[in-house]
Amino acid sequence: MISKKLPREFYERPTLQVARELIGKQIVYRHPKGELSAKIVEVEAYLGSGDPASHAARGKTGRNSIMFGPGGYSYIYFVYGMYHCLNFVAETESKAAAILLRGAEPEEGLEIMQYHSPGKRITDLLKGPGCFCRSFGLSTKQSGLDLTKDTLYLEDRSRKRKSIEETTRVGIKVGTDKLWRFYDKESLAVSAKRNVKG
DNA sequence: TGAATGATGCGCT
DNA sequence: GCGCATCATTCAT
């Protein structure tokens with residue numbers, strides 16, 4: 001069975017719908033040292049207009065200009081002086097929306113991930129947006145990649161329906177009333193549950 | 001075991 | 001010059 005790479009049409013749809021369907025998809029990155037892959041288990045949606053927590057909320061700037069382009073591109077930014085966060089641009093050029101990847105379960109390329117994040121347990125390697133980029137070796141140099149090309153892309157490998165939970169977003173101070181965080185309830189690789197009530 | 005806080009640099013005002 | 005879509009360590013219990 002040949003893997004099915006997600007086409008641009010997948011991304012150029014309503015952001016919340018794309019975010020929900022990203023759970024359980026496979027992310028593949030052709031690292032210089034080998035192929036890395038993981039199963040997505042946690043994402044957050046960031047809409048352009050009407051979402052004060054989005055980087056695009058206050059208009060187009062040099063950093064967020066990728067969000068204002070077509071869907072199906074990577075948007076990686078640097079934050080807190082040490083960490084990077086990976087986003088997938090959603091919608092078309094008419095809307096500046098993106099989806100933040102917050103957690104995944106490692107599958108292929110474990111040695112490379114552990115090389116980037118020494119001493120981490122397998123389930124923790126890709127837990128949290130900063131950890132994910134560090135283990136995958138992603139930085140702002142990988143921002144703006146076309147996800148329909150072969151360097152970084154997503155695959156639809158498992159067609160099983162996941163038990164998806166919807167909660168508020170994490171790590172922001174505005175827009176915290178929106179239930180725009182999606183994660184796989186059964187996964188151990190889901191990051192901080194600060195806003196989640198048990 | 002859980003909560004608080006320091007680290008650290010870039011983009012924006 | 002300030003704030004940030006975070007993480008690891010420290011300190012308190």
Side-chain angles (χ1 to χ4, degrees), chain A residues 11 15-16 18-20 22-23 27 38 40-69 71 73-91 95-106 113-145 147 152 154 165-184 187-198:
Chain A
Y11 303 97
T15 313
L16 294 176
V18 176
R20 182 192 303 267
L22 279 176
I23 302 297
I27 179 170
I40 297 173
V41 298
E42 182 185 5
V43 298
E44 282 181 7
Y46 285 86
L47 280 62
S49 59
D51 181 5
S54 171
H55 285 178
R58 292 198 287 182
K60 187 175 180 177
T61 66
R63 178 173 62 155
N64 66 22
S65 61
I66 297 169
M67 290 177 70
F68 287 79
Y73 284 83
S74 65
Y75 167 48
I76 301 177
Y77 64 90
F78 187 69
V79 75
Y80 295 126
M82 339 175 191
Y83 298 109
H84 298 272
C85 295
L86 169 63
N87 296 250
F88 306 117
V89 178
E91 311 258 8
K95 285 189 182 179
I99 297 159
L100 171 68
L101 174 57
R102 293 191 56 88
E105 293 177 359
M113 296 181 201
Q114 288 179 318
Y115 167 79
H116 285 295
S117 302
K120 281 220 167 202
R121 298 194 330 210
I122 302 290
T123 53
D124 292 338
L125 279 172
L126 306 177
K127 187 171 170 176
C131 290
F132 180 90
C133 285
R134 188 173 62 185
S135 295
F136 256 52
L138 293 171
S139 70
T140 51
K141 290 174 189 165
Q142 280 76 39
S143 191
L145 291 178
L147 300 179
L152 180 66
L154 300 183
E165 194 85 352
E166 300 180 13
T167 67
T168 55
R169 292 174 293 181
V170 178
I172 53 174
K173 292 178 179 174
V174 291
T176 52
D177 56 324
K178 304 293 193 299
L179 299 179
W180 290 346
R181 176 172 178 236
F182 303 89
Y183 65 87
D184 181 352
S187 176
L188 294 174
V190 172
S191 64
K193 291 171 180 160
R194 272 168 282 177
N195 288 349
V196 184
K197 299 197 173 180

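The chains referred to below are lettered A, B, ... by the order of the sequence lines, with proteins before strands, and numbering in each begins at 1. Model, not experiment: these values are computed from the prediction.
- Distances shown here put a side-chain N or O of K120(A) below 4.0 Å from the OP1 or OP2 atom of dA8(C).
- Y11(A) is linked by a ring pair (Phe, Tyr, Trp, His ring centres under 6.0 Å) to nothing, counting only residues two or more places apart in sequence or in another chain.
- What separates CZ of R102(A) from P of dT6(C) is a distance of 6 Å, to the nearest Å.
- Scored by the side-chain hydrogen bond (donor to acceptor under 3.5 Å, both in side chains) test, D51(A) finds R169(A) as partners (sequence neighbours excluded).
- By the side-chain hydrogen bond (donor to acceptor under 3.5 Å, both in side chains) test, Y46(A) is found to be paired with E44(A), residues two or more places apart in sequence or in another chain being considered.
- For L101(A) and dT6(C), the CG to P distance is 13 Å, given to the nearest whole Å.
- In this structure, CG of L125(A) is placed 19 Å from P of dT6(C), rounded to the nearest angstrom.
- Applying the side-chain contact (heavy atoms from CB on, under 4.5 Å) test to A45(A) and every residue at least two apart in sequence or in another chain returns T15(A), L16(A), A19(A), L47(A), W180(A).
- Atoms CG (L126(A)) and P (dC7(C)) sit 12 Å apart, rounded to a whole Å.
- For N87(A) and dT6(C), the CG to P distance is 11 Å, given to the nearest whole Å.
- Scanning for ring pair (Phe, Tyr, Trp, His ring centres under 6.0 Å) contacts around Y83(A) gives an empty result, with sequence neighbours left out.
- Distance, H116(A) NE2 to dC7(C) P: 17 Å, rounded to whole Å.
- For E91(A), there are no salt bridge (Lys or Arg N to Asp or Glu O under 4.0 Å) partners, not counting sequence neighbours.
- Annotation: salt bridge (Lys or Arg N to Asp or Glu O under 4.0 Å) contacts of D124(A) (sequence neighbours excluded): R121(A), K127(A).
- Rounded to whole angstrom, the span from the CG atom of D177(A) across to the P atom of dA5(C) amounts to 16 Å.
- Counting any heavy atom pair closer than 4.0 Å across all strands shown, L100(A) reaches a base atom.
- Residues S191(A) and E42(A) have side chains that bring a donor and an acceptor to within less than 3.5 angstrom of each other.
- Contacts between residues 133-140 of chain A and DNA chain B, defined by a heavy-atom separation under 4.0 Å, are absent.
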Pick out the pairs of N or O atoms, protein on one side and nucleotides 3-13 of chain B on the other, that lie under 3.5 Å.
residue	atom	partner	partner atom	Å
dT8(B)	O2	Y80(A)	O	2.4
dC12(B)	OP1	T61(A)	OG1	2.1

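- Remark: S54(A) engages no residue in a side-chain hydrogen bond (donor to acceptor under 3.5 Å, both in side chains) (not counting sequence neighbours).
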How does DNA chain C look in dot-bracket form if you count Watson-Crick and G-U pairs under 3.5 Å, write [ ] for pairs that cross, and put | where a base pairs with another strand?
||||.|||||||.
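- The side chain to side chain contact (heavy atoms under 4.5 Å, CB included) test with R181(A) singles out one residue from T168(A), V43(A), V170(A), and that residue is V170(A).
- Following rounding to the nearest Å, E42(A) (CD) and dT6(C) (P) show an atom-to-atom distance of 11 Å.
- For H84(A), the side-chain contact (heavy atoms from CB on, under 4.5 Å) criterion is met by I76(A), F78(A), C133(A), S139(A), T140(A), not counting sequence neighbours.
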